[in-house]
Amino acid sequence: MMQGDQYRLPIEIKTTEGNAKPATFDDLEIFVGSVRKTLGKGEISFDDKNETFLVLLTQQETFRLRGDVEVQLRCKFPDGDVVGISVGTVNFEKSTSKVVL
């Protein structure tokens with residue numbers, strides 16, 4: 001990705017029962033670097049066809065990200081357990097332009 005991109009970052013989450021769906025969680029928090037999105041606030045959507053969660057990153061948000069950025073998530077399950085994991089990194093290349101289109 002490049003700074004200034006606006007993109008729905010797909011994230012596949014698997015549990016011991018298989019691919020997770022929104023109903024799997026009471027809430028879901030995903031951090032891409034310093035950018036925080038939550039399922040409970042409607043900031044994360046779900047692609048039924050590909051069974052992936054989609055995190056919309058705006059141009060303004062990606063301008064704040066540079067280099068290898070860690071992606072972490074925390075899942076709150078209906079039984080009250082909260083589990084956090086690191087799911088890898090996304091590289092954001094420096095953009096010459098700093099203009100939001």
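Please read these numbers as outputs of a predicted model, since none were measured by experiment.
- Side-chain atoms of L28 and L73, non-hydrogen and from C-beta on, do get closer than 4.5 Å to each other.
- For residues 82-101, no residue pair satisfies the ring pair (Phe, Tyr, Trp, His ring centres under 6.0 Å) rule, not counting sequence neighbours.
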Quick one: do I85 and V87 satisfy side chain to side chain contact (heavy atoms under 4.5 Å, CB included)? Show the steps, please.
CA-CA 6 Å; I85 60 170; V87 294; 3.8 Å; yes
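- Within 6.0 Å of NZ in K98 there are more than 12 heavy atoms belonging to other residues, nucleotides or ligands.
- Closest non-hydrogen pair, T15 versus A20, comes out as CG2-CB, 4.0 Å.
- Atoms CG and SG, on D81 and C75 in that order, are 11.0 Å from each other to the nearest 0.5 Å.
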Candidate pair F25 and K76, rule side chain to side chain contact (heavy atoms under 4.5 Å, CB included), full reasoning:
CA-CA 6 Å; F25 310 112; K76 182 176 182 185; 5.9 Å; no
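- Summarising the geometry, atom CG belonging to L54 is positioned 9.0 Å from atom CD1 belonging to I30; distances are rounded to the nearest 0.5 Å.
- Here the CZ atom belonging to F63 is positioned 10.0 Å from the CE atom belonging to M2, to the nearest 0.5 angstrom.
- Applying the ring pair (Phe, Tyr, Trp, His ring centres under 6.0 Å) test to Y7 and every residue at least two apart in sequence or in another chain returns nothing.
- Q59 places no side-chain N or O within 3.5 Å of a backbone atom of V100 that could act as its donor or acceptor partner.
- Here the NZ-CD1 distance, from K37 to I11, works out to 11.5 Å after rounding to the nearest 0.5 Å.
- Closest non-hydrogen pair, S86 versus E70, comes out as OG-OE2, 2.7 Å.
- One hydrophobic cluster holds both V35 and V90 under the rule that ILVMFWY side chains link at heavy-atom gaps under 4.5 Å.
- Looking at heavy atoms from C-beta onward, T62 lies out of side-chain contact with Q6 at the 4.5 angstrom threshold.
- A donor-acceptor pair is defined here as one N or O able to donate and one able to accept, closer than 3.5 Å; no such pair exists between the side chain of E43 and the backbone of V55.
- Summarising the geometry, atom OG1 belonging to T24 is positioned 8.0 Å from atom CD belonging to E17; distances are rounded to the nearest 0.5 Å.
- The shortest side-chain heavy-atom distance between S45 and L56 does not fall under the 4.5 Å cut-off.
- Hydrophobic clustering (ILVMFWY, side-chain heavy atoms < 4.5 Å, transitive): V71 and M1 are in one cluster.
- Atom CZ of R74 sits about 4.5 Å away from atom CD of E29, to the nearest 0.5 Å.
- With hydrogens and angles ignored, the 3.5 Å screen pairs no side-chain donor or acceptor of E12 with any backbone N or O of T52.
- Residues R8 and P10 share a closest heavy-atom pair of O-CD, 3.2 Å.
- F46 has its side chain within reach of E51: a pair of non-hydrogen atoms, C-beta onward, lies under 4.5 Å apart.
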